[in-house]
Student: 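Supplied in C-alpha coordinates, the structure appears directly below.
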Amino acid sequence: MATVSREDFSCAAATNESAYRRVTVPVLKIEAGPGPAVALMAGVHGDEWEGQAAILDLWHHLPGILQRGTVYLLPAVNAEASLAGTRLSPSDGGNLNRAFLGQPARGYTESVAAALEARLLPRIQALVDVHSGGASLRYLPSSVITRYGDDPYDARLPGLARAFGLPQCIYFRGSEAGSMPAAASRHGVLRLSAEIGGGRETSGSLVERCRDGLLGCLGELGLLPGRPLPRNPEIRLYDLDAPAATLRAREPGVFIPGVELGQSVAAHQRIGQMIEPARPDTPARALVSPQAGTVVCLRAIARSSDGDCLFQIAPALPLDSLSSRY
Ligand SMILES: [Zn+2]
(Lines give C-alpha, C1' and ligand atoms only; values in the text may rest on other atoms or scores of the structure.)
Protein backbone atom coordinates (compact mmCIF):
# COMPACT_ATOMS: atom_id res chain seq x y z
CA MET A 1 0.00 0.00 0.00
CA ALA A 2 1.41 3.40 -1.00
CA THR A 3 2.15 6.12 1.56
CA VAL A 4 0.85 9.57 0.66
CA SER A 5 2.07 12.92 1.99
CA ARG A 6 1.67 16.56 1.00
CA GLU A 7 4.81 18.51 0.09
CA ASP A 8 3.17 21.84 -0.83
CA PHE A 9 5.36 24.93 -0.87
CA SER A 10 4.51 28.61 -1.13
CA CYS A 11 6.18 31.59 -2.80
CA ALA A 12 5.81 35.32 -2.26
CA ALA A 13 3.65 36.97 -4.95
CA ALA A 14 2.93 40.49 -3.75
CA THR A 15 0.79 42.81 -5.87
CA ASN A 16 -0.32 46.44 -5.52
CA GLU A 17 -3.49 45.13 -3.84
CA SER A 18 -1.80 42.55 -1.58
CA ALA A 19 1.50 43.12 0.25
CA TYR A 20 3.12 39.94 1.65
CA ARG A 21 0.78 37.74 -0.43
CA ARG A 22 1.92 34.11 -0.92
CA VAL A 23 0.73 31.50 -3.44
CA THR A 24 0.73 27.79 -2.52
CA VAL A 25 1.92 25.22 -5.09
CA PRO A 26 0.33 21.81 -4.38
CA VAL A 27 2.60 18.74 -4.39
CA LEU A 28 1.62 15.15 -3.56
CA LYS A 29 4.32 12.57 -2.76
CA ILE A 30 3.30 8.93 -3.23
CA GLU A 31 5.77 6.32 -1.96
CA ALA A 32 5.43 2.65 -2.90
CA GLY A 33 8.75 1.10 -1.86
CA PRO A 34 12.01 0.67 -3.79
CA GLY A 35 12.31 2.07 -7.29
CA PRO A 36 13.00 5.34 -9.07
CA ALA A 37 11.56 8.71 -8.06
CA VAL A 38 9.54 10.36 -10.84
CA ALA A 39 7.76 13.74 -11.04
CA LEU A 40 4.65 14.28 -13.18
CA MET A 41 4.12 17.99 -13.72
CA ALA A 42 1.72 20.31 -15.58
CA GLY A 43 0.71 23.94 -15.46
CA VAL A 44 4.18 25.40 -16.08
CA HIS A 45 1.98 27.61 -18.27
CA GLY A 46 -1.28 28.19 -16.41
CA ASP A 47 -3.62 28.09 -19.44
CA GLU A 48 -2.61 24.58 -20.57
CA TRP A 49 -5.32 22.32 -19.16
CA GLU A 50 -4.95 18.74 -20.38
CA GLY A 51 -1.96 17.84 -18.22
CA GLN A 52 -3.35 19.71 -15.22
CA ALA A 53 -6.61 17.74 -15.39
CA ALA A 54 -4.83 14.41 -16.02
CA ILE A 55 -2.46 14.85 -13.05
CA LEU A 56 -5.34 15.92 -10.79
CA ASP A 57 -7.04 12.63 -11.81
CA LEU A 58 -3.86 10.75 -10.83
CA TRP A 59 -3.77 12.69 -7.52
CA HIS A 60 -6.92 10.78 -6.55
CA HIS A 61 -6.25 7.41 -8.24
CA LEU A 62 -2.49 6.78 -8.40
CA PRO A 63 -2.06 6.05 -4.63
CA GLY A 64 -4.34 3.03 -5.12
CA ILE A 65 -2.39 1.53 -8.05
CA LEU A 66 1.29 2.57 -7.69
CA GLN A 67 3.37 -0.57 -7.16
CA ARG A 68 6.99 0.60 -6.91
CA GLY A 69 9.08 3.74 -6.44
CA THR A 70 8.07 7.30 -5.58
CA VAL A 71 5.93 9.72 -7.60
CA TYR A 72 5.62 13.46 -7.05
CA LEU A 73 2.47 14.97 -8.59
CA LEU A 74 2.41 18.71 -9.41
CA PRO A 75 -0.88 19.36 -11.25
CA ALA A 76 -0.53 23.16 -11.34
CA VAL A 77 3.11 24.02 -10.79
CA ASN A 78 2.51 27.68 -11.66
CA ALA A 79 -0.50 27.78 -9.34
CA GLU A 80 -0.96 31.54 -9.66
CA ALA A 81 -1.20 31.36 -13.46
CA SER A 82 -3.48 28.30 -13.33
CA LEU A 83 -5.88 30.06 -10.94
CA ALA A 84 -5.94 33.07 -13.29
CA GLY A 85 -6.15 30.95 -16.47
CA THR A 86 -3.11 32.69 -17.97
CA ARG A 87 0.12 31.51 -19.60
CA LEU A 88 2.32 33.87 -17.58
CA SER A 89 2.30 34.63 -13.85
CA PRO A 90 -0.10 37.54 -13.18
CA SER A 91 1.91 39.08 -10.31
CA ASP A 92 5.18 39.57 -12.21
CA GLY A 93 4.45 38.61 -15.83
CA GLY A 94 7.03 35.81 -15.60
CA ASN A 95 7.26 32.75 -17.86
CA LEU A 96 8.07 29.80 -15.57
CA ASN A 97 9.61 27.96 -18.52
CA ARG A 98 12.28 30.70 -18.76
CA ALA A 99 12.81 31.27 -15.01
CA PHE A 100 15.32 28.50 -14.14
CA LEU A 101 18.29 30.85 -14.22
CA GLY A 102 20.23 29.66 -11.17
CA GLN A 103 20.43 33.13 -9.59
CA PRO A 104 18.73 34.71 -6.57
CA ALA A 105 15.02 34.83 -7.39
CA ARG A 106 13.70 38.28 -8.34
CA GLY A 107 9.96 37.60 -8.00
CA TYR A 108 7.23 34.97 -7.73
CA THR A 109 8.02 33.11 -10.98
CA GLU A 110 11.74 32.76 -10.32
CA SER A 111 10.93 31.76 -6.70
CA VAL A 112 8.84 28.84 -7.98
CA ALA A 113 11.69 27.82 -10.29
CA ALA A 114 14.24 28.09 -7.44
CA ALA A 115 12.04 25.98 -5.16
CA LEU A 116 11.76 23.27 -7.83
CA GLU A 117 15.55 23.31 -8.37
CA ALA A 118 16.21 23.05 -4.62
CA ARG A 119 13.40 20.72 -3.51
CA LEU A 120 12.35 18.56 -6.47
CA LEU A 121 15.01 18.09 -9.16
CA PRO A 122 17.73 16.70 -6.80
CA ARG A 123 15.28 14.05 -5.54
CA ILE A 124 14.05 12.58 -8.85
CA GLN A 125 15.49 10.49 -11.67
CA ALA A 126 12.78 11.20 -14.26
CA LEU A 127 10.27 13.95 -15.08
CA VAL A 128 7.27 14.17 -17.41
CA ASP A 129 6.31 17.81 -17.96
CA VAL A 130 3.01 18.20 -19.85
CA HIS A 131 2.27 21.31 -21.93
CA SER A 132 -0.35 22.20 -24.54
CA GLY A 133 -0.91 25.02 -26.99
CA GLY A 134 -2.59 27.12 -24.29
CA ALA A 135 -4.95 29.91 -25.25
CA SER A 136 -3.14 30.94 -28.43
CA LEU A 137 -2.15 27.65 -30.15
CA ARG A 138 -3.46 24.16 -30.88
CA TYR A 139 -1.13 21.15 -31.23
CA LEU A 140 -1.56 17.76 -32.80
CA PRO A 141 -1.34 15.71 -29.57
CA SER A 142 2.37 14.88 -29.33
CA SER A 143 5.08 13.82 -26.95
CA VAL A 144 8.05 16.21 -26.95
CA ILE A 145 11.77 15.43 -26.77
CA THR A 146 14.25 18.26 -26.12
CA ARG A 147 17.91 17.25 -26.50
CA TYR A 148 20.90 18.99 -24.91
CA GLY A 149 23.69 17.14 -26.65
CA ASP A 150 24.71 13.70 -25.54
CA ASP A 151 22.93 13.31 -22.24
CA PRO A 152 23.70 9.74 -21.16
CA TYR A 153 19.99 8.93 -20.85
CA ASP A 154 19.01 10.16 -24.34
CA ALA A 155 18.93 6.56 -25.55
CA ARG A 156 15.94 5.99 -23.26
CA LEU A 157 13.87 8.84 -24.75
CA PRO A 158 12.34 6.92 -27.72
CA GLY A 159 11.15 4.22 -25.30
CA LEU A 160 9.54 6.86 -23.09
CA ALA A 161 7.89 8.52 -26.11
CA ARG A 162 6.52 5.14 -27.24
CA ALA A 163 5.20 4.50 -23.73
CA PHE A 164 3.40 7.87 -23.77
CA GLY A 165 1.47 6.32 -26.66
CA LEU A 166 0.77 9.32 -28.93
CA PRO A 167 1.48 8.83 -32.67
CA GLN A 168 3.42 12.11 -32.94
CA CYS A 169 6.64 13.23 -31.25
CA ILE A 170 8.05 16.76 -31.54
CA TYR A 171 11.78 17.38 -31.40
CA PHE A 172 13.41 20.58 -30.11
CA ARG A 173 17.11 21.35 -29.79
CA GLY A 174 17.61 22.62 -26.25
CA SER A 175 18.80 26.22 -26.50
CA GLU A 176 16.89 27.96 -23.67
CA ALA A 177 19.08 27.99 -20.55
CA GLY A 178 16.16 28.96 -18.30
CA SER A 179 13.65 26.31 -19.35
CA MET A 180 12.35 23.48 -17.19
CA PRO A 181 13.89 20.85 -19.54
CA ALA A 182 17.25 22.68 -19.33
CA ALA A 183 17.11 22.64 -15.52
CA ALA A 184 16.21 18.94 -15.52
CA SER A 185 19.08 18.24 -17.91
CA ARG A 186 21.51 20.06 -15.58
CA HIS A 187 20.38 17.80 -12.75
CA GLY A 188 20.79 14.63 -14.83
CA VAL A 189 17.04 13.93 -14.85
CA LEU A 190 15.56 11.81 -17.66
CA ARG A 191 12.85 13.97 -19.14
CA LEU A 192 9.89 13.82 -21.54
CA SER A 193 7.44 16.62 -22.30
CA ALA A 194 4.21 16.73 -24.29
CA GLU A 195 2.11 19.20 -26.25
CA ILE A 196 -1.53 18.12 -26.05
CA GLY A 197 -4.39 20.15 -27.48
CA GLY A 198 -4.77 23.85 -26.83
CA GLY A 199 -7.11 26.73 -27.45
CA ARG A 200 -9.07 28.04 -24.50
CA GLU A 201 -11.01 24.76 -24.22
CA THR A 202 -10.12 21.15 -23.42
CA SER A 203 -11.92 17.80 -23.67
CA GLY A 204 -12.35 14.61 -21.68
CA SER A 205 -10.80 12.52 -24.45
CA LEU A 206 -7.60 14.61 -24.54
CA VAL A 207 -7.36 14.48 -20.74
CA GLU A 208 -7.77 10.67 -20.86
CA ARG A 209 -5.06 10.31 -23.53
CA CYS A 210 -2.75 12.42 -21.39
CA ARG A 211 -3.49 10.41 -18.22
CA ASP A 212 -2.93 7.13 -20.10
CA GLY A 213 0.34 8.53 -21.47
CA LEU A 214 1.55 9.43 -17.98
CA LEU A 215 0.65 5.94 -16.69
CA GLY A 216 2.48 4.47 -19.71
CA CYS A 217 5.59 6.43 -18.73
CA LEU A 218 5.38 5.18 -15.13
CA GLY A 219 5.13 1.65 -16.58
CA GLU A 220 8.16 2.20 -18.82
CA LEU A 221 10.10 3.49 -15.79
CA GLY A 222 9.25 0.33 -13.83
CA LEU A 223 6.76 1.79 -11.33
CA LEU A 224 3.69 -0.15 -12.57
CA PRO A 225 5.13 -3.59 -13.42
CA GLY A 226 1.74 -5.25 -13.78
CA ARG A 227 0.36 -2.78 -16.29
CA PRO A 228 0.58 -3.45 -20.06
CA LEU A 229 2.50 -0.72 -21.88
CA PRO A 230 0.58 1.22 -24.57
CA ARG A 231 3.53 1.02 -26.98
CA ASN A 232 2.97 2.88 -30.20
CA PRO A 233 5.36 1.47 -32.80
CA GLU A 234 4.46 3.98 -35.53
CA ILE A 235 5.63 7.26 -34.02
CA ARG A 236 6.39 10.08 -36.46
CA LEU A 237 9.03 12.60 -35.40
CA TYR A 238 8.63 16.30 -36.31
CA ASP A 239 11.63 18.62 -35.99
CA LEU A 240 10.05 21.95 -35.01
CA ASP A 241 13.42 23.45 -34.19
CA ALA A 242 14.25 23.98 -37.86
CA PRO A 243 13.64 27.67 -38.75
CA ALA A 244 11.55 26.66 -41.78
CA ALA A 245 9.06 24.87 -39.52
CA THR A 246 7.46 28.07 -38.16
CA LEU A 247 5.41 30.60 -40.14
CA ARG A 248 4.78 33.89 -38.32
CA ALA A 249 2.49 36.81 -39.13
CA ARG A 250 4.34 39.64 -40.85
CA GLU A 251 1.66 42.25 -40.31
CA PRO A 252 -1.46 42.69 -38.16
CA GLY A 253 -4.69 41.14 -39.44
CA VAL A 254 -7.31 38.43 -39.03
CA PHE A 255 -5.80 34.96 -39.50
CA ILE A 256 -7.91 32.62 -41.68
CA PRO A 257 -6.26 29.17 -41.79
CA GLY A 258 -7.04 27.16 -44.92
CA VAL A 259 -5.77 23.81 -43.63
CA GLU A 260 -6.42 21.63 -40.58
CA LEU A 261 -4.16 20.23 -37.89
CA GLY A 262 -2.65 16.96 -39.13
CA GLN A 263 -3.09 17.85 -42.82
CA SER A 264 -0.19 17.22 -45.22
CA VAL A 265 0.85 20.23 -47.31
CA ALA A 266 3.36 20.86 -50.08
CA ALA A 267 6.13 23.48 -49.99
CA HIS A 268 4.78 26.92 -51.03
CA GLN A 269 1.18 25.63 -50.98
CA ARG A 270 -1.38 28.30 -50.08
CA ILE A 271 -2.44 27.42 -46.50
CA GLY A 272 -4.39 30.46 -45.38
CA GLN A 273 -4.70 34.23 -45.54
CA MET A 274 -4.54 37.38 -43.46
CA ILE A 275 -7.40 39.85 -43.98
CA GLU A 276 -8.43 43.20 -42.46
CA PRO A 277 -12.28 43.46 -42.49
CA ALA A 278 -12.27 46.98 -41.02
CA ARG A 279 -10.09 48.13 -43.95
CA PRO A 280 -11.86 46.58 -46.96
CA ASP A 281 -9.48 48.26 -49.41
CA THR A 282 -6.53 46.36 -47.92
CA PRO A 283 -5.89 43.29 -50.11
CA ALA A 284 -5.83 39.87 -48.46
CA ARG A 285 -2.29 38.51 -47.92
CA ALA A 286 -1.80 34.87 -48.91
CA LEU A 287 0.02 32.60 -46.45
CA VAL A 288 2.12 29.84 -48.04
CA SER A 289 3.71 26.83 -46.41
CA PRO A 290 7.43 27.38 -45.72
CA GLN A 291 8.16 23.69 -46.37
CA ALA A 292 6.43 20.42 -47.18
CA GLY A 293 5.11 18.49 -44.20
CA THR A 294 2.32 18.01 -41.69
CA VAL A 295 0.53 20.84 -39.89
CA VAL A 296 1.57 20.13 -36.29
CA CYS A 297 0.56 23.44 -34.67
CA LEU A 298 -2.00 26.11 -35.59
CA ARG A 299 -2.78 29.49 -34.04
CA ALA A 300 -6.11 29.38 -32.15
CA ILE A 301 -6.87 33.14 -32.17
CA ALA A 302 -8.00 34.91 -35.34
CA ARG A 303 -6.89 38.51 -34.54
CA SER A 304 -3.13 38.44 -34.92
CA SER A 305 -0.14 40.76 -34.82
CA ASP A 306 3.26 40.97 -36.48
CA GLY A 307 5.42 38.15 -35.09
CA ASP A 308 2.64 35.84 -33.89
CA CYS A 309 3.20 32.12 -34.61
CA LEU A 310 0.51 31.03 -37.11
CA PHE A 311 1.66 27.55 -38.20
CA GLN A 312 4.28 24.96 -37.37
CA ILE A 313 4.80 22.52 -40.25
CA ALA A 314 7.44 19.79 -40.58
CA PRO A 315 8.01 16.59 -42.54
CA ALA A 316 7.40 13.29 -40.74
CA LEU A 317 10.65 11.50 -39.84
CA PRO A 318 11.20 8.06 -38.30
CA LEU A 319 11.65 8.20 -34.52
CA ASP A 320 14.98 6.41 -35.03
CA SER A 321 16.37 9.56 -36.67
CA LEU A 322 16.37 11.23 -33.24
CA SER A 323 19.86 9.92 -32.45
CA SER A 324 21.32 11.96 -35.34
CA ARG A 325 19.54 15.17 -34.33
CA TYR A 326 21.27 17.67 -32.16
ZN1 LIG B 1 3.55 25.38 -22.17
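Basis for what follows: all heavy atoms, side chains included, without hydrogens, waters or symmetry-related copies. For ligands, and for the atoms within them, numbers begin at 1 and follow the listed sequence.
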Student: Quick one: does Y238's side chain get under 4.5 Å of C169's, heavy atoms only?
Tutor: no
Student: So with a 6.0 Å cut-off around CZ of R156, is the heavy-atom count from everything else above 12?
Tutor: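 Atom CZ in R156 is not packed in, count stays at 12 or less.
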Student: Can you confirm whether more than 12 heavy atoms, excluding those of R6, are under 6.0 Å from its CZ atom?
Tutor: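 Atom CZ in R6 is crowded, with more than 12 foreign heavy atoms closer than 6.0 Å.
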Student: Tell me whether the count of non-hydrogen atoms from other residues, nucleotides or ligands lying under 6.0 Å of CZ in R250 goes above 12.
Tutor: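 No, because the 6.0 Å sphere around CZ of R250 holds 12 heavy atoms or fewer from other groups.
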Student: Less than 2.8 Å away from the Zn ion (ligand 1), how many protein N/O/S atoms can be counted, ignoring water?
Tutor: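 With waters ignored, the protein N/O/S count below 2.8 Å is 4.
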Student: Kindly check if the number of other-residue, nucleotide or ligand heavy atoms within 6.0 Å of CZ (R270) is above 12?
Tutor: yes
Student: Should we count CD of E260 as having more than 12 external heavy atoms under 6.0 Å?
Tutor: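 No, because the 6.0 Å sphere around CD of E260 holds 12 heavy atoms or fewer from other groups.
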